[in-house]
Structures are given as C-alpha cells and as structure tokens.
Amino acid sequence: MRSRTPLIALLGAAALALTSCAGGAPPSGGDGADGVLADGKTFTSVISTDPGSLDPFVTVMSVARSIDRFLYARLVEVLEDGSIASGLADSWEADTTTATFTLRDGLTCEDGTPLTATDVAANITHIGDPANGSPLIGLQVQPGTSAVGDDAAGTVTVTSGRPDSFLLENVGSISIVCGTVIDDPDALAKGEGATGMFSMSELVPNSQYTLTRRDDFTWGPDDWDPKQKGLPDSVVFRVVPNETTATNLLLSGEVNAALVIGPDNKRLKDAGLFHTEIPTPVGQFIFNQAEGRPTADQDVREALIAALDLDQMRQVLGSGAGTVPTGLVTVSPNPCRADVLADFLPEFDAEAAAAALDDSGWKAGSDGVRTKDGEKLTLRMIYSSQLGDAGNASAELAQAAWKDLGVDITVAAVDSPTLSETLFSTGDWDISAAPLTVSLPSMLVPFYSGPNPPDGTNFASIDNPEYTAAVTAASAKAGSEGCDDWGAAEQALYATTSVMPYANINRSTFATKATFTEGDGIDPTSIRMYE
C-alpha cells in the first residue's frame, strides 16, 4: 500500500485543473523572439520547489503533477470551454455510473512496448481500490471503481463505484502509466513508465529534472501533428525557489518559462513577455477540526475570521490585483459558476470577534493570551512558501490581528513536501492558509468529507452532514444539472466556517522564445519554440 505522505498539489499557486490543449500563438515583443519557429530546442521551465515523488497514483502536489503532465498521457483532454478532445482514446461514451473509451491504434510505452486496453484498465482499477491508498480516490476516481480492457476491440469499460457527475472528465483525466510499473511505486516516484510525450532522462532532486521527447509519441489531442515545427526535443524543470531570481533568469533568456505571482509579475508584463492568465485562489483559510484542537470550536473559527480585514489581506496577497472569489472552484471547465460565497463573507469586526471569544469562555489573561479551562489559545498556521513575499506579508497581517485578539499564534511558510507531510501525516497545524485549486466541484469532496488521514484525505477532520447530503444529491445528476446541489454543498462549509476563501488572482506563467497553453501545468503538446 502506498504512503499518502507526498500529497497535495492543490496548494499554493498550483492547479488541479483540467487543461486546455489549444495551440500557442507566436510570442509578442520584449523577449527577442522574431516569431520564427525553431526545432531541436530545449524548453527550460522554472519550478519553485522540488516535487518529491512523481508517482501519479499518489501525488496531488501541483509541482509534481506539472511534471507528470509531460510524462503520462490521459484518455481525454478537457478543454477550457469544457469540451472534450481525444487523448489515448479517440472516442468515448459516459453517464454518471459507466464509461467506455475506445483507444487509438499504435499506443506505446516509453520502452516501445504496446500500451494495451488491459494496461489502461489496470490503472483505473488500481486507483479505485481503497487498499492501494491512492489519494485520487474520491477526487478523480470513486471508491470501488473498476475497469475492464478488451485488447482485441481496444476498449476500456469503466464501472464507477458510486455515481459521479463528471465521470468522463474525472476518469478520463488521470495519468495513465505503463502496465509494468503499476505496482512499482519506486519506479513511478522517479517518473518511469511514461506513456506521454516525454520520458525522464535525468533526475537531480532540488536541482533539475531533464526529460527527452519520445519519437514514437503521436497521440496528441485531436489532429495534433508530431512532425510540426517548433516542438522541443527536451524539457528541463529547474528548481528556483526565489521569484526575483526566476524573473531575472527569464529576462536574460536563461530559462524559457516561469510562474510569477508576486511583485515581479508587473516587471515581466511591462517587458511585454508572452504569458498565460488563469484565475487561481491564493487566499483561503481551512481550519483543523480534529478532536482537541481549539479550531474544532466553531465559535473560535468565526472569531478568527471576523478579526481579519480580508479586504486589506486580499490586496496584499494579490499585490493590489486580488479579486473576491465567488466559490471554491476557479479553474476551467468549472461548470457551476454561480456566486455561492457572497452571503457568507463576514465584515471585519475585531470587537465582535473578541466578544464572541469572551462569550464562549476564552478569557484574556494578564499576558493578553486567552485561556479556557486552563488551556491557552495557542494556534499554528501554515502556508505555502510558493506564495513568496506577498504570502509572507499576508501571513504577518493575520498573525498581528490574531495576537491583538489574544491568540498565541505562530505562522510558518513551508515548501510543498513539508506542507503535505504536515497536513496528511503529522497533523501539527490549526489553520492552513494554503488554498486548494480545483476545476470541478466533485474534486473537493475527499478533502472536506470522508475518512481522515492516514485512511483518507479529509485532512481538516470535517464532519458536516449538510455538506455530505448535498454532495450525494449532486453526484446523482450529470454535469451541470447538479450545480444547485454543488452550490448548497459549498455553502454548508461556509456556514460552519470550515473554509473561508477570500482572494483570487489571475496567475501568470511568463515565457521567452516559447509559447504554450496552460491548465494543470503547461500542456506539453502546445509548446512551440522560437529562435
């Protein structure tokens, strides 16, 4: 059984989005490119932290999944407008409980051996078996889901373990690995068993990851041409934790792409560099409701939020460009786009927050720190170091407000592996300020309900019957037919202050001498290199 430790992508500036596969346009001024497509190039992309394990059955860390995007193909590609394009499959049928995929001819693994329907089915069944401990259960594959492959017909038939509104999008978008490595987590942790456009050629943790394009890869989306000009021969993911350093490397042409969400974002836009725009949550508070934690008390959670000037924090975290969220799902295809948050965002009222804690028995002591039944109100907040200087400044604002409220509060910026370890293993946290980024409301379910770690991914130990009931109702309805129920599910979380989103930004990945499209990382088939 795999460990759940290297888990969360969703966090920080990352996205578990289902990506757009449209081709890129020529880069515009400021980067020295003249618009002439070039072959034989290396595409070098900055990542802000080491990805840890690349095992696609285990990781939902954004940085790891962004690399897996290059290594492992999917059955289908979900475009920005919600339409479906071919991947490993060239045709499909699906409802809320069953799906059938017909595979393309000539699919191969990185070693040249055929990728069969039986192999693909084994991937899905492996994830759907709770005994294998994949955190993708409930996220993209429902518990008990199984699949059967017919190698002669080239079909994969999926039976969902329970109704799934977005069965086609969810199962169709998992990373498919070669049959030889399905039961080899050590190999998958190193990115082996590739079925995608690239294979891993060199792995240097905390430094760089080098991938080489496969000559036999032809199954890009729809009518993608593997012989078209401008495709990179190799890709390097280079670990550069500091955004200013990444910006300088980009402007000098030493790297081709970098995600920049802090103040250097403006410098790159002013330089006229090509960039993508993806709406992404950066400001969310999630509260640990495990037994014995002060934040298991709803009065405490409500007071903590009321004590914050969320408008100010939004502007700081978004470097002046932060926007008010409308819900927890931000990334395309995002089929349910109603504003379900507006009625639940509280007004800043520090006096009311203090009075609420007084009323619930948390009294300020001589040192200003509140106590109840002899226990101090001591809390620990963690947030993603990927948020950079803006994240640090926002965390300091929250810490100062909560100290004024009488909370003995510590805050810590942590990298992605540490964030995952803390949330899913040690449990040593009270407030997480690392947002979850998803593209479908069903993807939230395993994080806000169900078993707690190590048996599940409900890392905040939330037990909300209203949420569960609304999810059950929504899951029985196909696609957007369940949007009202999905909205009611989110509102059940807001009503109990289990999670409070307060800031979104348009996340930008900048490029020089290259273009691409982006969803849950850069789409490798969309990269075009320029002289």
Side-chain angles (χ1 to χ4, degrees), residues 1-4 7 16 18 53-60 65 68 71-76 87-104 107-110 113-189 192-196 219 440 442-443 445-446 450-451 454-457 475:
M1 178 174 175
R2 283 174 166 82
S3 165
R4 292 183 181 273
L7 191 62
L16 241 184
L18 301 173
S53 173
L54 295 173
D55 185 342
F57 294 156
V58 169
T59 187
V60 291
R65 288 178 67 92
D68 285 347
L71 298 171
Y72 303 110
R74 302 167 173 180
L75 284 164
V76 298
L88 294 170
D90 61 12
S91 63
W92 47 85
E93 295 179 353
D95 54 28
T96 61
T97 57
T98 60
T100 300
F101 300 89
T102 301
L103 302 182
R104 297 191 193 195
L107 301 176
T108 59
C109 290
E110 63 182 352
T113 58
L115 177 68
T116 67
T118 298
D119 294 333
V120 174
N123 276 255
I124 298 167
T125 299
H126 179 95
I127 295 171
D129 184 352
N132 291 319
S134 174
L136 298 184
I137 279 195
L139 181 66
Q140 288 183 274
V141 180
Q142 298 303 320
T145 294
S146 62
V148 176
D150 182 333
D151 292 339
T155 58
V156 178
T157 302
V158 181
T159 302
S160 185
R162 62 188 181 201
D164 182 348
S165 293
F166 308 103
L167 180 61
L168 172 61
E169 294 89 342
N170 279 325
V171 172
S173 297
I174 65 172
S175 295
I176 300 297
V177 309
C178 294
T180 54
V181 297
I182 287 175
D183 295 313
D184 190 347
D186 292 335
L188 289 173
E192 298 177 10
T195 61
W219 42 95
L440 295 169
S442 60
M443 290 180 168
V445 176
D455 300 317
T457 53
S475 298

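These numbers come from a predicted model, not from an experiment. Nothing fancy with the numbering, it's 1 onward along the sequence.
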Using the rule given for side-chain contact (heavy atoms from CB on, under 4.5 Å), can you reason through Thr155 versus Thr102, listing the C-alpha separation, both sets of side-chain angles and the distance that settles it, and then say yes or no? CA-CA 4 Å; Thr155 58; Thr102 301; 3.7 Å; yes
Full working for side-chain contact (heavy atoms from CB on, under 4.5 Å) between Tyr72 and Leu188: CA-CA 11 Å; Tyr72 303 110; Leu188 289 173; 3.7 Å; yes
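Taking Asn123 as the reference, nothing meets the side-chain hydrogen bond (donor to acceptor under 3.5 Å, both in side chains) condition, with sequence neighbours excluded. Under the rule for a side-chain contact (heavy atoms from CB on, under 4.5 Å), the partners of Ile127 that lie at least two apart in sequence or sit in another chain are Phe57, Ser134, Leu136, Val141, Ile174. Thr118 pairs by the side-chain contact (heavy atoms from CB on, under 4.5 Å) definition with Thr116, Asp151, not counting sequence neighbours. Judged as a side-chain contact (heavy atoms from CB on, under 4.5 Å), and not counting sequence neighbours, the contacts of Ala122 are Ile182. In this view, Thr97 and Asp95 satisfy the side-chain hydrogen bond (donor to acceptor under 3.5 Å, both in side chains) rule, not counting sequence neighbours. Residues satisfying the side-chain contact (heavy atoms from CB on, under 4.5 Å) test with Ala73, not counting sequence neighbours, are Leu88, Thr195, Trp219.
Judged by distance alone, the side chain of Arg65 and the main-chain N or O of Pro56 form no donor-acceptor pair under 3.5 Å. With hydrogens and angles ignored, the 3.5 Å screen pairs no side-chain donor or acceptor of Thr157 with any backbone N or O of Thr100.
Pairing each heavy atom of Val156 with each of Ala147, the nearest pair is CG1-CB, 4.1 Å.
Sorted pairs that involve residues 115-156 and meet disulfide bond (SG atoms under 2.5 Å apart), not counting sequence neighbours, are lacking altogether. The list of disulfide bond (SG atoms under 2.5 Å apart) pairs with a residue in residues 156-185, not counting sequence neighbours, reads Cys109-Cys178. Applying the side chain to side chain donor-acceptor pair (under 3.5 Å) test to pairs two or more places apart or on separate chains, those with a residue in residues 158-168 are Gln142-Arg162, Asp164-Asn170.
Contact check for Ile137 versus Pro446: no side-chain heavy atoms found under the 4.5 Å cut-off. Between Val158 and Trp92 the shortest side-chain heavy-atom distance does not fall below 4.5 Å.
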